[in-house]
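Worksheet for the structure shown next.
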Amino acid sequence: MECFCERKETYELKVEGDVGADPIWCNQCGCNLELGPISNTLTNELIEWVK
């Protein structure tokens with residue numbers, strides 16, 4: 001997952017609900033990450049959790 005960190009990648013994620021944004025964030029720089037590179041099942045579960 002690409003973010004704004006110096007290395008352009010993160011392995012430390014934060015899951016946090018936010019209206020209008022995907023629930024995955026870089027724990028280092030705070031960048032909101034798209035749900036694209038994860039499974040459809042996990043994507044749907046995260047979307048339901050956010051609701």
Side-chain angles (χ1 to χ4, degrees):
M1 294 182 183
E2 192 169 308
C3 64
F4 298 127
C5 289
E6 190 173 302
R7 294 182 299 160
K8 301 290 184 201
E9 59 186 24
T10 183
Y11 298 100
E12 294 181 36
L13 303 177
K14 175 173 46 172
V15 178
E16 181 175 87
D18 189 359
V19 176
D22 290 332
I24 305 293
W25 303 81
C26 172
N27 200 38
Q28 298 294 318
C29 70
C31 178
N32 183 248
L33 304 170
E34 293 185 22
L35 293 178
I38 61 175
S39 73
N40 288 338
T41 302
L42 183 54
T43 299
N44 291 335
E45 289 177 3
L46 286 169
I47 289 170
E48 286 300 313
W49 175 79
V50 168
K51 289 180 184 178

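It should be emphasised that the depicted structure is a prediction, and the values quoted were computed from it without experimental measurement.
- The SG atom of Cys31 sits 11.5 Å away from atom NZ of Lys14, with the distance rounded to the nearest 0.5 Å.
- The shortest heavy-atom contact between Leu33 and Cys26 is CD1-N, 3.9 Å.
- Ile24 has its side chain within reach of Val15: a pair of non-hydrogen atoms, C-beta onward, lies under 4.5 Å apart.
- In terms of hydrophobic clustering, with Ile, Leu, Val, Met, Phe, Trp and Tyr side chains grouped at heavy-atom distances under 4.5 Å, Trp49 and Trp25 are assigned to different clusters.
- If you take CD on Glu45 and CG on Asn40, they are separated by 11.5 Å, rounding to the nearest 0.5 Å.
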